[in-house]
Structures are given as C-alpha cells and as structure tokens.
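So that the names make sense, note that chain A is the first sequence line, chain B the second, and so on, each numbered from 1. What you see is a predicted model, and the numbers here were worked out from it, not measured in a lab.
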Amino acid sequence: MKKSTLTAFLMLLLGIKVNAQAPSIFNDSTKLLKEVKVTANAKKKIETDMKMAVTVDEFLATADNISFIKRGAYAWEPLLNNMSTERTTVTIDGMHVFGACTDKMDPITSYVESNNLSAVDVTSGQGGNMHGATIGGSIDMTRRSTPFGLDKKWNGSYQTGFEFNNSQFFNLGNVAYSTDKLVADGSIAFRKAGNYYDGYSNKVKHSQFQKFNSSLGLAYKTSPLSSVRLDAIFDRADNVGFPALPMDLWLSRALITSATYKQLFKDGWLRALDTKIYFNALEHYMDDTKRSENLVHMDMPGWSTTYGMLAKANFIRGDISSEVQLNLYDNRSIAEMTMYPQDRSKKTMFAYSWPWVTTRYGGLSINNSWDFSARSSLLFGGALGLNYNRSKYVEFNWIFHPGAPQQKTRLLPSLHASYQLKLNQFDFSVGTGYGHRAPSVSEAYGYYIYNSFDRYDYIGNPNLKNEISYEANASAGFKNEKFGIKAKVNVFSIQNYIIGRVLSLGSPMNYQSVGVKGYTSLSHAQLFNFSLNANYNILENLGWKGTLTYARATDEKGGNLPFIRPLSYQSSLSYRYRDFKFQTSVNGDLEQKNYSPEYGEDATPAYTVLNLSADYSFKLKNVSAVLQVAAENLLNQYYSTYADWGNIPRMGRNIYTSLKFKF
Amino acid sequence: MKPIAICAAIFCLALSACTKKKADYQAEIAKVVPEYIEFKEATSIESGAYRISIEALNGKFYKGYNELRIKVSDKQSKQEVKVSAVTFLPIITKADGTKASGPHRYQPNYLASEHYFSGYAVFTDESGANGEWDLYLSFDVASTSYRVQKRVQVEKQANKNLNMVSFKAKDGADYIIALVSPQKPKVAENALVAGIYRYNPPLDAPSGEFPDPGQFSYAEVGGYTLQLDPRMPEPSMGNHSSLNNKDLVQKDDGFYHGVVNYTMTGNWTLNLIMLNQQGQILKGTVVPTDFTPGVEGVKSELYIDILF
Ligand SMILES: [Cu+2]
C-alpha cells in the first residue's frame with residue numbers, strides 16, 4: 001500500500017502541471033435529462049457552506065433530514081428521516097452496493113470520496129422508490145462525469161489540507177480530458193488521520209484512519225445522441241480505528257464498476273434511455289489485536305458481491321413527464337466468525353454470522369409528474385419489486401428458527417402521490433405513500449452479531465414479515481428576494497416494525513455480550529420528523545441561515561425507539577468582502593429526553609458547538625485558488641450526541657486549513 | 001492522456017494486493033471429523049469348513065461403541081451357511097493378567113433380510129499397554145458346535161463424537177455410556193444417540209474352559225433418562241450454551257435418543273445427569289448456566305467431551 005500511495009502522490013503533482021479549466025458537473029446528456037426530471041430532489045454540490053474540503057459524511061450531514069450514527073471518526077452510518085440503512089436505499093448512480101461488515105463499519109457512503117461525486121440526491125419516503133424498495137427514502141450519490149467537447153481539453157483540480165486535531169492530512173486530485181468523441185475522468189484521494197482529541201483534550205484511542213480512493217471513467221460518443229461509458233471506483237481503507245466498537249478495521253477494499261449506455265431522442269414521447277450493468281465487490285477484514293482488553297482473538301472477515309443492471313427511460317407527453325426504471329441485482333453476503341482459544345493448540349471455533357446469504361431483487365418503478373395548471377402539479381408513482389433470499393448454510397438459522405425455509409420470496413409494492421401548489425411567493429405540498437420492505441440480511445439471517453451499543457448478540461429471523469409503511473408529508477414555504485422560510489413535516493406509521501427483542505433462549509457467544517436478542521416485528525411503530533429552514537439576506541454581502549429539526553418515534557406501547565434526534569438547531573452567518581468570505585455557525589442538540597434504555601441509550605445532555613471559517617480566493621496566472629482557515633468546535637466543548645455509539649466523545653477544537661486549485 | 005493512464009496503472013496495482021481467503025466450511029468440518037458409513041470386514045476366523053467374518057464400520061474396531069455384522073460362510077463355496085446359537089464375547093486381558101469385557105450383545109440376532117447376525121461391542125480401551133482384546137465366538141451348524149477365538153486390534157477413536165465414559169454411580173453399579181450418533185455433527189440440531197450399559201457382577205464362580213459369559217455380563221439399562229446440557233468449555237466462550245436441546249430417553253431400539261444443538265464448531269462438553277426409572281440422580285451434577293467470559297466452564301460430574 002505504501003508504494004501505491006506514494007505513486008498516487010506523485011501522480012497528483014504530475015496532474016497539477018498538465019491541467020486546465022473548471023469542470024462542469026453536467027454532461028450533455030444530463031443537461032437534456034434535467035428538463036425531464038420529475039422528482040423534486042435536493043441536488044447539492046459536494047461542498048458545505050462552512051467547509052470547502054468535506055468528507056462525504058460531512059457533506060451529507062448538512063441535509064436537514066440526515067443524521068448519523070458515529071462509531072468513530074470514519075464511516076458514519078447515515079440515517080435518513082431518523083431511519084437507518086435497512087430502511088433506506090443508498091446507491092451510487094443507482095447501483096446497489098451492500099456493506100460487507102456485520103457491525104456496519106462500512107456504510108456505502110464510506111466507499112466514495114467527495115472528489116469523485118458531483119451530487120447527492122436525497123429523496124424522502126416512498127418518493128425514493130426509484131432504485132428499489134424503501135421506507136425512509138433514498139440517497140443516491142451521483143458520480144462526477146465530464147461533458148464531451150469542452151473548450152479546454154484538460155481540466156483538473158487539486159485540493160490539500162491539514163486538520164490539526166487529529167493530524168489529518170489529505171490530498172484530493174481530479175483530472176479530466178474531453179474531446180468531441182472521448183472523455184476520460186480520473187480522481188485520486190488520500191487521507192490519513194491520527195487519533196482525535198475530545199473537548200477535555202484527552203486522546204480518543206483507536207480513532208485513526210487511512211483511506212485511499214481512486215476513480216476512473218471513460219466515455220465514448222457512439223453517435224450524436226448516444227454514448228457508452230465505463231466507470232470504476234477503487235476504495236481502500238487501512239487501519240481504521242472504531243473507538244466505540246471492541247474491534248477495528250484492518251483492511252477494507254471495494255471495487256465498484258459499471259458500463260452505461262445512454263441514448264437520447266430528439267422527438268417523440270421517449271426522450272432518454274439509460275442502461276447500466278454493474279458489478280461491485282467488497283472485502284472487509286476486522287482486527288481486534290490492538291485491543292488489550294480483549295480476552296479472545298476473533299477473526300471476522302466479510303464479503304459482499306453484487307451484480308446488477310438498471311434501465312431507465314424518460315417519457316414526456318404534454319403536461320405529463322414520466323420516468324420508468326427497471327432494477328435487477330444479485331448480492332451475496334458472507335461473514336465469518338472464527339474464535340481462537342487461549343490455548344492455541346486447541347481447535348478454533350467457527351460460525352457464519354452471514355451464512356452465505358443471496359439476495360435477488362427485480363423491480364419496476366414508475367414516477368410521473370403532471371403539471372395540470374401553471375400553479376399546481378401532481379407527483380405520483382409506484383413500484384413493484386420481487387425480493388428473493390436464500391441462505392446457503394441455513395443450519396445456522398435453524399438453531400433459533402427450526403424448520404425456517406431456506407429460501408424466501410417477497411413481493412414489495414410501493415405507491416406515493418403528492419400535490420404541489422405555488423401561490424405567488426408561497427408554496428405548499430401534501431403527500432402520502434405506502435410501501436413494503438424486506439428484512440435486511442442481518443435482520444433475516446444474521447447469526448450472533450454482536451451489538452456493542454446494547455451489548456447483545458443479535459439473531460436474525462428468516463420468518464420476519466415485510467415491514468409496511470404508511471406515510472404522510474406536508475410542507476409550506478415562503479420566499480422572496482430577501483427572505484425565505486420552509487417548514488416540512490412527515491409522519492411514518494410502520495407496521496411489522498423490525499427491531500431486536502431479548503430472547504430468553506440461548507446464551508451469548510461474544511464474550512462482551514450480556515444476552516441474546518432476536519429480530520422480531522413490533523405490531524407497529526410511529527416516526528415523526530419536522531424541520532424548519534429559514535434564510536435572510538440582511539445585506540447584499542451578509543446572509544443568515546437557520547435550521548431547526550425535531551423528531552419523535554415510539555413503538556406500539558409508546559416506548560421510545562433508539563437513535564431519534566432530539567430538537568436540534570443550526571444557525572449561520574456569512575459575510576463576503578472582496579475576495580474574502582467569513583462564516584460563523586452555531587449548532588447543537590437539546591437534551592435527549594426521549595431515549596430508549598432498552599436499546600442501550602441513556603439521556604444525552606444538550607450541547608452547543610461554535611464554528612468559524614475564513615476563505616480567501618485568488619488567482620495565480622490561469623489557476624484559481626481558494627485558501628481556507630477555519631475552526632470547528634472553537635470553544636473546545638466536550639460533548640457526545642444521542643447517536644454517538646457508546647457515548648464516545650466528539651472531536652474537541654479542530655483547526656484546519658485547506659487549499660484548492662482549479663485548472 | 002498520461003495522467004489517466006497513470007491513474008489506471010495505480011488502479012491495477014491497488015487491485016493486485018493480498019487478502020484473506022474465505023473459509024471452506026464443508027472441507028474444514030470433514031477434516032476434523034472423519035465419518036465412516038461403510039461396513040467392511042474387520043477380522044475373519046476360520047473353523048473347520050467355515051469362515052466367520054466380522055464387519056465393522058471402516059473395517060476397524062475402535063474404542064467405544066462398534067456396531068458389528070457377523071457372517072458365517074462356507075470356505076469353499078463362499079455361500080452363506082445356516083448357523084444357529086451364535087454367541088459373541090469380547091474379552092480384554094490386561095497387563096496384570098486380569099480379564100474384563102465391555103458391553104456387548106452376547107447373542108447376536110439374525111436379520112434374515114440382511115443375511116447377517118447383528119451385534120455390537122463397546123471396547124473400553126484401545127489395544128496396547130492397557131491390554132489386548134480377544135473375541136470368542138461360538139455357533140452351531142447342524143447340531144455340531146464350533147468355538148473360535150481371535151485376537152483383534154482395537155484402535156483409538158479419533159472421532160471425539162463417538163467418545164465413551166465409564167463410571168461408578170450412586171447405586172454402586174458400574175456404568176458405561178457410549179455415544180453412537182451423530183458421527184459428524186453439524187452446526188444445527190443433531191439427533192444424539194447413546195447407549196447406557198450396566199455391569200452385572202458375576203453371581204457364580206467361573207465354569208468351563210471357554211470364557212464364562214456370566215463373568216462378563218453387561219445389561220442395556222431400560223427406562224433411564226440422561227439430562228443434557230451442552231456447553232463450550234473454552235474460557236473465551238464463557239460457558240456458552242445452545243437452545244432447544246432435549247434430554248435422552250430410551251426408544252424401542254434400546255438406545256437413548258435426544259437432541260443436541262451446536263451453535264458453532266469447536267470443543268463442546270455434553271454435561272449429563274443420569275436418572276434411574278424413579279427419577280433419582282445416579283450420577284451427574286447441575287452445571288452453572290451463567291455467562292462467565294474468561295472462566296473455563298464448570299463440567300458436570302458426568303460429561304463427555306466432543307469436538308467437531
Ligand atoms: Cu467491520
């Protein structure tokens with residue numbers, strides 16, 4: 001690895017010399033596609049107001065319906081509408097990738113880098129059914145692709161920076177080559193961080209990480225309206241500490257590849273066809289040898305391999321535009337658990353935590369937008385999917401569920417509709433949705449998966465019913481030149497809500513564990529999310545933004561569900577002066593009162609964090625550059641949020657600086 | 001195109017690095033636990049015009065429970081011979097000259113459809129320093145009696161799943177419990193089969209020149225119960241157990257049948273409590289059920305270790 005990172009670095013230096021002009025995030029086909037875009041997605045550029053060189057996680061965190069479970073400094077697990085990755089679909093350009101870690105050390109967002117993405121689409125609820133069955137919604141990360149025939153053949157950017165708290169050093173480089181017929185994209189990213197320090201200036205042990213990411217894309221224009229594109233992402237994380245877990249990551253690697261054929265049509269109903277075949281393979285090897293507190297050495301490798309295809313067609317006829325997508329994929333998830341006895345001459349002990357589980361999905365999704373008057377439009381759509389599971393070594397599942405079927409096929413329907421109204425400066429929407437989801441591999445077939453949060457071993461149940469969601473949402477907004485405000489609310493009533501409940505049967509296997517929990521279905525659960533966003537341009541160069549979110553979730557008995565965000569707020573001011581930009585922001589959560597002791601939660605006190613940043617933009621010959629100096633958690637507040645696994649403290653004061661060049 | 005090419009080269013380099021292999025689960029289990037399903041001739045004895053063949057699994061006698069098939073044939077024609085009054089008696093002669101036996105079927109029963117006499121022997125020790133085993137057989141052909149003797153080799157049972165245990169119980173009697181099945185357990189629910197045998201001390205002095213079966217008598221005990229609590233004894237497993245296990249009770253075949261679940265491969269201990277027909281404990285103690293990481297699991301006074 002040392003060698004290749006060095007070469008990577010050399011390559012970056014090389015890249016600087018040859019490059020030119022700012023890359024645009026749309027290529028010619030997406031320009032056309034934009035016109036037929038039907039869902040009202042929040043497309044955002046990969047940069048936050050505060051921070052220029054963000055990680056994918058930090059970027060996602062700025063969406064008001066996304067929160068994170070954090071097990072350390074790396075690979076945060078995104079929650080959408082306070083729902084974790086079982087209830088959402090996370091895709092890369094519509095491609096399904098499934099994590100290879102039973103402990104969720106590797107959400108899909110950890111396999112990409114901010115410099116190989118151009119945007120992230122976050123769609124709430126059933127509106128996010130385009131890529132497959134979901135309850136909470138979808139997060140689709142769009143890869144960067146350079147358009148054909150740019151004025152300048154070569155484009156590039158390079159970004160470097162240092163974060164003082166955890167001595168994180170990063171380098172991100174992009175190169176693109178564009179002619180009328182051929183486009184090539186390349187990106188490379190390298191990050192290395194040490195342990196971070198909390199607000200008491202204590203070192204948080206095992207919070208280091210090291211990541212290397214590279215992507216390649218090649219596109220060829222086969223005709224004026226069609227193109228073929230090959231893409232690959234390679235990601236490698238080494239020596240990643242997870243301070244909240246009893247083990248770390250030794251190595252994780254991912255290869256994510258795809259081939260896409262796009263065809264656009266000038267006239268007729270059919271406007272665009274987009275077909276993609278893809279393959280991705282993930283490997284994940286954990287490491288517990290650096291934890292002296294561990295009595296037992298355990299090997300827990302995991303693998304996840306997915307093949308898939310998707311085909312998307314866009315239609316427009318009169319006031320109605322439609323998007324139809326076919327999704328097919330086949331995933332195999334394997335996780336092993338080998339325990340080594342203290343007397344190494346004795347036989348090791350072995351079990352599968354994922355006993356070679358195959359998941360196949362085939363589904364058709366349709367979304368329509370009908371602009372039936374100048375003021376109002378109706379969005380409606382549906383999906384029907386077939387989900388098949390097979391557990392190869394089903395004997396592991398039979399221990400707790402004797403006679404459970406080895407294979408299971410489920411039908412997953414989804415429906416949604418929403419009405420949108422624009423009245424001068426006001427806009428309103430109301431919507432509803434209905435959808436099913438199949439249990440995840442861990443929920444259905446997991447075997448003695450240790451959850452260090454509530455300290456239980458979790459057992460999957462192949463007989464779980466589909467989770468069924470009934471959803472309602474509404475929003476109201478006002479906007480003029482100076483001021484904007486928007487309130488959004490959604491309610492999910494979920495039947496057969498899947499969650500772990502203590503089993504009186506069986507005894508734990510992992511030595512830190514206190515008991516065994518089995519995944520079961522609650523008859524129902526409710527989730528409520530609310531957000532309020534406002535912005536005010538006080539002066540031409542002085543602006544304010546604020547966000548308030550609140551969520552509440554209860555089970556059938558009115559008990560609290562875990563990982564639900566308490567009332568949280570964010571407020572920021574930005575000021576521009578010539579080539580300078582200054583920002584300050586305050587964010588925090590109120591006390592978490594509605595916690596769930598049953599799932600290992602305790603009350604989390606309120607906290608407030610203050611951040612500051614200053615940017616300076618300048619030009620060096622043809623190169624535009626931005627220099628940023630900033631501080632997060634300026635007051636060095638010691639805190640831990642409701643979703644910090646095991647109450648690990650967050651980072652204390654972090655001063656960072658970064659420099660970005662565009663050619 | 002150079003930077004892109006370099007990028008591609010890095011890609012290939014990064015891909016070719018090393019990683020771990022997946023476990024070959026099926027092969028791994030097969031390696032630890034040999035399974036024998038085929039009966040082969042373990043020994044043969046000739047007497048007059050006849051040849052007696054004793055078949056056992058894998059053609060070998062092992063310490064512990066051995067199912068046996070006895071066939072008598074004509075030496076010349078190799079045809080099956082009609083014999084009656086077959087007796088079978090294994091005897092170990094220990095280094096100090098004392099003789100003993102193990103549970104066995106003294107009068108093997110003829111299975112007409114299978115053309116053999118069905119019997120068994122539980123060899124309590126392997127051949128060697130501890131003693132040597134001889135088989136004594138007798139049979140009648142058309143009112144003529146034949147008696148034969150053959151020294152045989154009893155080998156170590158490499159498969160711990162066919163372990164046995166001998167002990168003195170609270171009723172003063174000597175017992176032997178021998179595992180019969182499963183030979184090759186799975187991480188799953190396994191049907192567990194064992195034989196329970198009691199030594200009947202001789203009532204009379206030995207008589208006759210051929211060994212007196214009355215001196216070496218074992219009985220298959222009836223109506224007992226073996227309470228089962230399987231656990232992983234390894235300290236790191238913290239006294240881990242499984243669920244849905246069933247105690248062993250006697251069925252029509254004379255064996256004791258129960259259910260054991262193994263949650264993972266490795267060392268397991270079958271902790272047992274033997275109850276008589278009245279439900280009185282003859283041997284065995286209740287083991288702690290607490291999860292105690294780092295502490296070696298406490299075993300019952302009556303247990304059998306297995307491994308797969
Ligand atoms: Cu992991």
Side-chain angles (χ1 to χ4, degrees), chain A residues 1 3-4 7-8 11 14-15 18-19 156 175 177 184-188 212 214 216 218 232 234 236 251 253 255 283 285 295-296 299 301 303 334 336-343 346-352 393 395-396 398-400 402 447-448 505-509 511-515, chain B residues 1-23 25-26 28-29 31-33 160 185-190 231-244 259 261-268 289-296 307-308:
Chain A
M1 189 60 222
K3 211 170 165 187
S4 59
T7 353
M11 185 260 137
L14 251 170
V18 230
N19 293 309
V175 208
Y177 172 80
D185 286 296
S187 82
I188 212 150
F212 168 76
S214 175
L216 261 186
L218 277 175
F234 174 75
R236 178 180 171 127
L251 168 69
R253 302 200 308 175
L255 177 67
E283 309 171 276
Y285 307 102
L295 286 172
V296 200
D299 258 350
W303 296 269
I334 304 169
E336 296 177 356
M337 185 158 52
T338 305
M339 298 193 194
Y340 293 88
Q342 273 146 340
D343 176 356
K346 285 190 182 161
K347 172 81 171 50
T348 56
M349 294 154 279
F350 178 85
Y352 279 114
Y393 297 110
E395 54 263 39
F396 289 91
W398 283 342
I399 297 281
F400 282 85
Y447 186 67
Y448 282 105
L505 300 163
S507 73
M509 186 179 280
Y511 78 90
Q512 302 98 323
S513 176
V514 295
Chain B
M1 288 305 283
K2 234 180 191 169
I4 305 276
I6 292 168
C7 225
I10 291 167
F11 227 92
C12 298
L13 207 90
L15 280 180
S16 56
C18 62
T19 44
K20 288 189 191 178
K21 269 200 188 132
K22 294 186 185 86
Y25 175 58
Q26 277 144 340
E28 198 62 31
I29 290 188
K31 203 166 67 193
V32 182
V33 186
K160 284 184 107 183
K186 281 184 174 169
V187 173
E189 197 174 275
N190 295 275
R231 285 178 187 275
M232 294 188 88
E234 176 63 37
S236 57
M237 294 311 299
N239 204 32
H240 174 71
S241 183
S242 60
L243 65 162
N244 298 333
V259 171
N261 280 272
Y262 298 122
T263 56
M264 70 191 305
T265 70
N267 287 288
W268 285 82
T289 56
D290 309 338
F291 187 60
T292 47
V295 181
E296 178 141 5
L307 169 74
F308 78 102

Here the gap from B/Thr263 atom OG1 to A/Ile399 atom CD1, rounded to the nearest 0.5 Å, amounts to 6.5 Å

B/Phe291: which residues meet the ring-ring contact (aromatic ring centres under 6.0 Å, His included) condition with it, sequence neighbours left out? none

For A/Pro508, is it the side chain, the backbone, both, or neither that has a heavy atom closer than 4.5 Å to a heavy atom of chain B? both

Counting only non-hydrogen atoms closer than 4.5 Å, does A/Trp303 touch chain B with its backbone (N, CA, C, O), its side chain (CB onward), both, or neither? side chain

Can you tell me which of B/Met237, B/Lys22, B/Arg231, B/Glu189 forms the most heavy-atom pairs within a distance under 4.5 Å of chain A? B/Lys22

ring-ring contact (aromatic ring centres under 6.0 Å, His included) with A/Phe400: which residues, sequence neighbours excluded? A/Tyr448

Can you measure from CE (A/Met339) to OG1 (B/Thr265) and round to the nearest 0.5 angstrom? 10.0 Å

Taking B/Gly238, B/Gly266, B/Pro235, B/Ala23 one by one, which has the highest count of heavy-atom pairs under 4.5 Å against chain A? B/Ala23

